[in-house]
> 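Provided herewith is a single structure, encoded as structure tokens, for subsequent inquiry.
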Amino acid sequence: REWLEGFNIPINDEFFIKWQKTIINTSEALRKIENETKPDIMNMIWNIVLIVLYLDYDMDKDFMPQFEESRERLSKCINELMSRT
């Protein structure tokens, strides 16, 4: 609570909650995928995650709808990868 307040983030901040859930779910899934995937392929997967979650945003548009779309795309990709391992 103090950490959030230190950054002026409300305790019920919608984005912060969604971001944390996304990171937790993505991390858990990728740990499972890593056990069944070659390092070079895993590196490509990590690059996809980087691009989708951190880089693929249009600064001229509202952030939250873009984040929601990115989250959904990443979720679909991870589910597809999980079904193949």
Side-chain angles (χ1 to χ4, degrees):
R1 189 177 295 240
E2 289 176 19
W3 183 83
L4 292 172
E5 289 172 359
F7 291 98
N8 294 320
I9 300 172
I11 199 75
N12 294 330
D13 183 73
E14 177 185 4
F15 168 71
F16 184 77
I17 293 168
K18 288 181 179 184
W19 176 258
Q20 292 304 316
K21 287 180 180 180
T22 301
I23 295 302
I24 290 167
N25 293 337
T26 301
S27 297
E28 289 174 355
L30 292 179
R31 274 193 295 270
K32 292 175 185 173
I33 293 168
E34 275 182 323
N35 292 330
E36 305 292 326
T37 305
K38 294 180 181 180
D40 56 331
I41 301 298
M42 198 62 219
N43 193 39
M44 286 190 269
I45 293 169
W46 278 112
N47 284 329
I48 290 168
V49 171
L50 171 69
I51 292 166
V52 171
L53 283 185
Y54 292 91
L55 302 177
D56 193 23
Y57 295 97
D58 184 339
M59 300 296 283
D60 294 326
K61 295 181 180 177
D62 287 337
F63 172 75
M64 198 62 168
Q66 292 182 83
F67 171 69
E68 292 288 349
E69 183 181 328
S70 294
R71 216 174 95 149
E72 183 64 30
R73 283 188 323 195
L74 184 60
S75 178
K76 287 179 182 178
C77 287
I78 288 174
N79 288 338
E80 180 68 27
L81 288 168
M82 296 285 289
S83 70
R84 293 173 184 231
T85 58

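The basis for the numbers below is simple: all heavy atoms, side chains too, and nothing from hydrogens, waters or symmetry mates. In this chain, numbering begins with 1 at the start of the sequence shown.
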> In Å, rounded to the nearest 0.5 Å, how long is the span from CD of Glu36 to CG of Leu81?
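The distance works out to 12.0 Å.
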
> Would you list the pairs meeting salt bridge (Lys or Arg N to Asp or Glu O under 4.0 Å) in which at least one residue belongs to residues 55-64, sequence neighbours left out?
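Sorted pair list: Asp56-Arg73.
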
> Hydrophobic clustering (ILVMFWY, side-chain heavy atoms < 4.5 Å, transitive) - are Leu55 and Phe63 grouped together?
yes

> Only distances under 3.5 Å count here; give the side-chain donor-acceptor pairs of residues 15-23 to other protein atoms, sequence neighbours excluded, each with its distance to 0.1 Å.
residue : atom : partner : partner atom : Å
Lys18   : NZ   : Glu14   : OE2          : 3.1
Lys18   : NZ   : Glu68   : OE2          : 2.4
Thr22   : OG1  : Lys18   : O            : 2.7

> How long is the gap from CD1 on Ile45 to CG on Asp40, to the nearest 0.5 Å?
10.0 Å

> Once rounded to the nearest 0.5 Å, what's the spacing between atom CG of Leu30 and atom CD of Glu28?
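Rounded to the nearest 0.5 Å, the CG-CD separation comes out at 10.5 Å.
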
> Measuring only between side-chain heavy atoms, which start at C-beta, is Ser75 closer than 4.5 Å to Asn79?
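Yes, close enough: below the 4.5 Å cut-off.
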
> Please report the closest heavy-atom contact between Glu34 and Trp46, naming both atoms and the distance.
OE2-NE1, 3.3 Å

> To the closest 0.5 Å, what do you measure between CE (Met64) and CZ (Arg71)?
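It comes to 7.5 Å.
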
> Going from OG on Ser70 to OH on Tyr54, what distance comes out if it is rounded to the nearest 0.5 angstrom?
12.0 Å

> Looking at OG1 of Thr26 and CG of Leu74, how far apart are the two atoms once the value is rounded to the nearest 0.5 Å?
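Reported value, rounded in 0.5 Å steps: 4.5 Å.
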
> So, does Asn43 use its side chain to make a donor-acceptor pair with the main chain of Pro39 at under 3.5 Å?
no

